[in-house]
Amino acid sequence: MHTGNNQVRVRFAPSPTGYLHVGGLRTALFNYLFARKHGGTFILRIEDTDQKRSIPGALENLITTLTRTGLQHDEGPDVGGDYGPYIQSERMDIYKTYIQQLLDSGKAYYCFCDEERLNRIREEMRKRKRPPMYDGKCIGLSKDEIADNLDRGRPFVIRLRYPKEGKTVFDDVVRNKVAIDNSIVDDQVLIKSDGFPTYHFASVVDDHLMKITHIIRGEEWLSSVPKHIFLYESFGWEVPVFVHLPLLLNADRSKLSKRQGDVSVESYLEKGYLTEALLNFIALLGWHSADDREIYSLRELEEAFSLERINKAGAVFDLEKLNWMGGTYIRQLDVAYIADQSRRFFEEAGIDISDSDKYLKVIGTARDYVYCLSMIVEHARMFYDTMTFSEEDHDLLGQEGSKRVLSYMIEALGGQETWSPDDVSALVKKAIGDLGTKGKNFYFPVRLALFGSCHGPDIPTLIGIFGRDEAVKRLSDALHLKQ
RNA sequence: GUCCCCAUCGUCUAGUGGCCUAGGACACCGGCUUUUCACGCCGGCAGCCGGGGUUCGACUCCCCGUGGGGACGCCA
C-alpha cells in the first residue's frame with residue numbers, strides 16, 4: 001500500500017471513441033478530486049490501442065470537453081509532462097520491450113490459434129458448464145515450432161501465462177477484500193495480432209511507468225484485477241491501490257447506456273446545463289459526505305472528497321434531480337455570469353441583446369423558469385419580440401373591461417416620471433382601486449399586452465424591464481388591436 | 001452457464017450494535033407567498049429484499065436464499 005509519503009498520482013484513461021460519457025466524467029471527477037485533495041497529479045492518458053474503434057477528432061473533442069468542465073489535467077497529450085507520451089499508440093516501442101521481458105521469463109507465450117478454434121473451445125466449455133477460456137494449447141510450443149510459425153508469417157498473439165493454482169486476494173478501497181480463484185482467470189491476450197497491446201497489458205505498463213499510485217476506475221474492471229496484479233508481480237513492480245467505482249445505471253438499473261437517455265457530456269453542455277451543476281450532481285452519484293450537504297462547488301468538493309466515502313452500490317442517473325440542481329445553480333450563481341453563459345443561445349435565436357442593462361434584467365427574471373440555459377430564450381424572447389396574439393388573446397383583449405384597464409394604465413403610466421418596481425406597485429394598487437376591478441381582470445390583460453402571456457413575471461418587474469415608453473407602446477398596441 | 005460484486009423511501013443517499021418512533025435531497029401531494037405563473041418558504045406521503053442465526057439488544061455482525069449488476073473478447 002502506498003502511504004502518505006508518496007506523491008499521489010492518478011489518471012483518467014479514456015478511449016477516443018467519440019464523445020465523453022457521463023460515466024467517464026464521473027471517473028475523471030473522482031480522480032481529479034482525489035488528486036487535488038492530496039496535492040497530487042491528475043493525468044490524462046489516451047487508450048487508443050483499438051484501431052477499429054478510434055475516431056478521428058475524438059481526442060480533441062475529449063480534451064475540449066474535459067477542459068470545459070474544469071477538470072484540468074496536469075499531464076497529458078496536450079500539456080505534456082515527464083512521463084509521456086500520453087497516447088498509447090505512440091508508446092509501441094515501450095510495450096515491445098516489456099512484452100519481450102515477459103516472453104523471456106516464461107510469463108507470456110506466443111499463441112497461433114485462430115478465431116475459429118477459439119470460438120469452438122469456448123462454446124464447448126460453456127456447454128460443459130465451465131467458464132469459457134483458452135485451453136493453453138500453444139503453451140507447449142517448442143522454440144523451433146514458434147520460430148517456424150513466425151518465419152511463415154502466421155498471425156499470432158501473445159498471451160499471459162496465468163498460473164491456475166490458488167486464489168488471488170486483493171484489497172480494494174471501496175470493496176475491501178476481494179478473492180478470485182486463479183483457476184478461472186484466463187490466459188489473457190496481451191499483444192494482439194496487429195501488434196497493438198490490449199488494455200490489460202498497456203495499462204499496467206503505463207500505470208507503472210507513469211508512477212500511478214491509485215487506480216480509480218469503474219467496477220467493470222474488478223474481475224480482471226488478478227491478471228493485472230500478476231503482471232505487476234511478474235515485473236517486480238509495486239501494485240497500486242485499487243479503487244473500483246460503482247457503476248452508473250439506467251432507470252431500469254442496467255449499465256448506463258445511450259439507448260435509454262442522453263449519456264454524452266457534450267450534449268448536456270450544449271443544452272446549457274451549467275458545468276457547476278453537472279459536476280455537483282455527478283459527484284453525488286456514488287459519493288456523499290457524512291452530513292446532509294448536497295450543494296458543492298468544485299473547490300469545495302476538492303476539500304470534502306474522500307475515497308472512504310464512496311458507495312458500493314450502483315447509482316441510477318436521475319435526470320429529475322440533475323434538472324433540479326441545474327435550476328438551483330442558475331438561480332444561485334451571479335446573474336452576470338448566467339447572462340454571459342446564456343449569450344450564445346440568444347445569438348443563435350437571432351435576438352439582439354446589445355442593451356446589456358435590459359439583458360441583465362431579463363435574465364434576472366427568466367432564470368426562475370429554467371434548469372438549463374437553452375430554455376432561457378423561450379422565457380426571455382417576449383421581452384424582445386413584437387407581440388403576436390392568438391384568437392383567445394384577441395378575445396380577452398377585446399373585452400370592454402380589458403380595454404378600460406389598458407386605457408387607464410396607458411394614461412397613468414404616461415404621467416409617471418419614475419417607474420421603479422415600488423412606483424409601479426403603488427400605481428397598480430391605485431389602478432385596481434380606481435377601476436374597482438378584480439385582480440385577475442386587471443393583471444391578465446395587462447400582462448398579456450406587455451408580455452404576450454397571462455402568466456409570467458409580475459407587472460412591476462415587466463414594466464421595470466421595458467421602461468415606461470415601451471410599456472405604454474405595448475399597452476396601446478394591444479388596445480388598438482384589429483379584431 | 002461460470003465467477004465476482006452489490007442490496008435503506010420511486011430515485012440519490014445518512015446510518016459502522018442501543019442515539020432509529022430510520023435522517024436529508026429529488027420527484028410527488030398539500031399549504032403559505034404572489035390577487036397570475038415561476039421562484040421561495042412550510043408541511044406531508046413514502047424505505048431497512050426474505051429467512052435463519054449471534055446478542056440483553058440488530059438497518060447495522062454471520063449464514064442461506066432471493067433479486068439486481070458486472071466480467072467471462074485479438075473492446076476498453
Side-chain angles (χ1 to χ4, degrees), chain A residues 13-17 24 47-50 52-53 88 111 113-115 118-119 122 125-134 155-159 172 174-175 178-181 183-186 188-200 202-203 217-226 244 246-247 249 251-255 281 284-295 309 311-325 327-328 331 365-370 379 428 432 437-444 446-448 451 453-459:
Chain A
S15 295
T17 55
E47 312 224 322
D48 61 342
T49 57
D50 185 357
K52 299 182 290 292
R53 292 212 313 165
Q88 288 185 328
C111 171
C113 295
D114 59 22
E115 198 181 329
L118 260 21
N119 289 339
R122 282 195 196 109
M125 297 186 92
R126 217 179 266 267
K127 253 183 228 160
R128 283 165 42 212
K129 301 192 173 185
R130 301 292 314 161
M133 47 199 275
Y134 184 61
F156 66 90
V157 300
I158 298 175
R159 287 182 181 276
D172 182 277
V174 176
R175 282 149 228 285
V178 178
I180 294 175
D181 214 317
S183 65
I184 59 141
V185 180
D186 203 359
Q188 180 65 46
V189 170
L190 302 177
I191 301 290
K192 300 180 266 188
S193 56
D194 63 2
F196 277 81
T198 57
Y199 170 87
H200 304 279
S203 75
R217 78 231 299 185
E219 191 191 339
E220 66 264 30
W221 295 109
L222 194 62
S223 45
S224 39
V225 168
H244 286 93
L247 260 19
L249 311 174
D252 68 359
R253 305 204 75 85
S254 59
K255 193 174 168 184
F281 170 69
L284 262 23
L285 260 23
W287 177 87
H288 201 280
S289 63
D291 56 32
D292 292 329
R293 179 169 177 189
E294 296 205 307
I295 300 293
R309 294 199 59 83
N311 247 48
K312 287 174 166 59
V316 172
F317 185 90
D318 179 14
L319 193 59
E320 296 276 13
K321 186 150 183 177
L322 202 215
N323 288 344
W324 163 75
M325 197 166 274
T328 300
R331 259 160 253 127
T365 174
R367 68 168 165 177
D368 277 352
Y369 296 83
V370 303
H379 292 275
V428 164
I432 291 173
T437 171
K438 277 209 166 24
K440 196 176 153 185
N441 294 337
F442 175 85
Y443 286 100
F444 278 22
V446 173
R447 189 176 292 105
L448 187 56
F451 190 65
S453 167
C454 291
H455 302 294
D458 55 34
I459 307 298

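To find a chain, count down the sequence lines: A is the first, B the second, and so on, and within it residues start at 1. Computed from a predicted model, the values in this text were never measured in an experiment.
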query: Where the side chain of D50(A) is concerned, which of C12(B), C3(B), A76(B) is the nearest nucleotide?
result: A76(B)
- prompt: Between D50(A) and K52(A), is there a salt bridge with N-O shorter than 4.0 Å?
  reply: yes
query: Taking only N and O in the side chain of K255(A), is any of them less than 4.0 Å away from OP1 or OP2 of A71(B)?
result: yes
task: Figure out the CD/C1' separation between E220(A) and C5(B), and round it to whole Å.
output: 12 Å
field: Length of the CD-C1' vector between E219(A) and G69(B), whole Å
entry: 7 Å
field: Nucleotide paired to C72(B) in any strand shown, Watson-Crick or G-U, under 3.5 Å
entry: G1(B)
field: Rounded distance in Å - NE2 (H455(A)) to P (C39(B))
entry: 14 Å
message: Does G23(B) have its OP1 or OP2 closer than 4.0 Å to a side-chain nitrogen or oxygen of R293(A)?
response: no
- request: Start with the C-alpha gap between R447(A) and C454(A), add the side-chain angles, then the distance that decides, and say whether side chain to side chain contact (heavy atoms under 4.5 Å, CB included) holds.
  value: CA-CA 6 Å; R447(A) 189 176 292 105; C454(A) 291; 5.5 Å; no
message: Using whole Å, what does the distance between atom P of nucleotide G73(B) and atom CG of L118(A) come to?
response: 9 Å
message: Heavy atoms only, 4.0 Å cut-off, all strands: where does S224(A) land among base, sugar-phosphate and nothing?
response: nothing
- request: Rounded to the nearest angstrom, tell me the gap between atom CG in L448(A) and atom C1' in U36(B).
  value: 12 Å
message: Is R253(A) close enough to C12(B) that one of its side-chain N or O atoms is under 4.0 Å from OP1 or OP2 there?
response: yes
message: Looking at R122(A), I'd like to know whether one of its side-chain N or O atoms comes within less than 4.0 Å of OP1 or OP2 on G73(B).
response: yes
task: Would you mind classifying the nucleic acid contact of R447(A) as base, sugar-phosphate or nothing, using non-hydrogen atoms under 4.0 angstrom?
output: base
- request: Could you let me know what C39(B) is paired to, Watson-Crick or G-U wobble, both distances under 3.5 Å, or none if it's on its own?
  value: none
query: If only side-chain N and O atoms of K192(A) are considered, is one of them under 4.0 Å from the OP1 or OP2 phosphate oxygen of G73(B)?
result: no
message: With a 4.0 Å cutoff (strictly under), does any side-chain N or O of Y199(A) reach OP1 or OP2 of C75(B)?
response: no
message: Checking contacts here: which listed nucleotide (A25(B), C12(B), C6(B)) is nearest the side-chain heavy atoms of W324(A)?
response: A25(B)
- request: Give R217(A) one of three labels, base, sugar-phosphate or nothing, depending on what nucleic acid heavy atoms sit under 4.0 Å from its own.
  value: nothing
message: Measuring to OP1 and OP2 of C75(B), would you say a side-chain N or O of K52(A) lies under 4.0 angstrom away?
response: yes
- prompt: With both distances under 3.5 angstrom, what nucleotide forms a Watson-Crick or G-U wobble pair with A25(B)?
  reply: U11(B)
query: Taking the side chain of K129(A) as its heavy atoms from C-beta onward, which of G15(B), C6(B), G1(B) lies nearest to it?
result: G1(B)
query: Below 3.5 Å, does any donor atom in the side chain of Y369(A) face an acceptor in the base of C37(B), or the other way round?
result: yes
- request: Have a look at I432(A) and say if it touches a base, only the backbone sugar-phosphate, or nothing, with a 4.0 Å heavy-atom cut-off.
  value: base
query: Expressed in whole Å, how much space separates the P atoms belonging to A71(B) and C59(B)?
result: 35 Å
message: What's P457(A) touching, base or sugar-phosphate or nothing? Going by heavy atoms closer than 4.0 Å.
response: base
- prompt: So what does V157(A) hit on the nucleic acid, given a heavy-atom distance under 4.0 Å: a base, only sugar-phosphate, or nothing?
  reply: base
field: M125(A) vs P131(A) side-chain heavy atoms within contact, under 4.5 Å
entry: no
- line: The Watson-Crick or G-U wobble partner of U34(B), with both key distances under 3.5 Å, is none
- request: Just call it for R331(A): base, sugar-phosphate, or nothing, with non-hydrogen atoms closer than 4.0 Å on any strand.
  value: sugar-phosphate
field: Touch class at under 4.0 angstrom, heavy-atom based, for E47(A) against every strand present
entry: sugar-phosphate
query: Which part of the nucleic acid, if any, lies within reach of A290(A) when heavy atoms closer than 4.0 Å are counted: base, sugar-phosphate only, or nothing?
result: sugar-phosphate
message: Is any side-chain heavy atom of C111(A) closer than 4.5 Å to one of Y134(A)?
response: yes
message: Looking at every non-hydrogen atom in both residues, tell me the closest pair between V189(A) and T198(A) and how far apart they are.
response: O-OG1, 2.8 Å
task: Calculate the interatomic distance between N311(A) atom CG and A7(B) atom C1'; express it in whole Å.
output: 11 Å
- prompt: Within the structure shown, what part of the strands sits under 4.0 Å from S193(A) by heavy-atom distance: base, sugar-phosphate, or nothing?
  reply: base
query: When the distance from CG of N323(A) to P of C39(B) is rounded to whole Å, what number comes out?
result: 12 Å
query: Hey, do the aromatic rings of W324(A) and F281(A) have their centres closer than 6.0 Å?
result: no
message: Check the phosphate of A76(B) against S203(A), side-chain N and O only, distance under 4.0 Å to OP1 or OP2. Yes or no?
response: no
message: Classify D458(A) by what it touches in the nucleic acid, base, sugar-phosphate, or nothing, heavy-atom distance under 4.0 Å.
response: base
message: Just to be sure I understand the rule, does G286(A) reach a base, reach only the sugar-phosphate, or reach nothing, if contact means heavy atoms closer than 4.0 Å?
response: sugar-phosphate
- prompt: Charged N to carboxylate O under 4.0 angstrom, E294(A) versus K321(A)?
  reply: yes
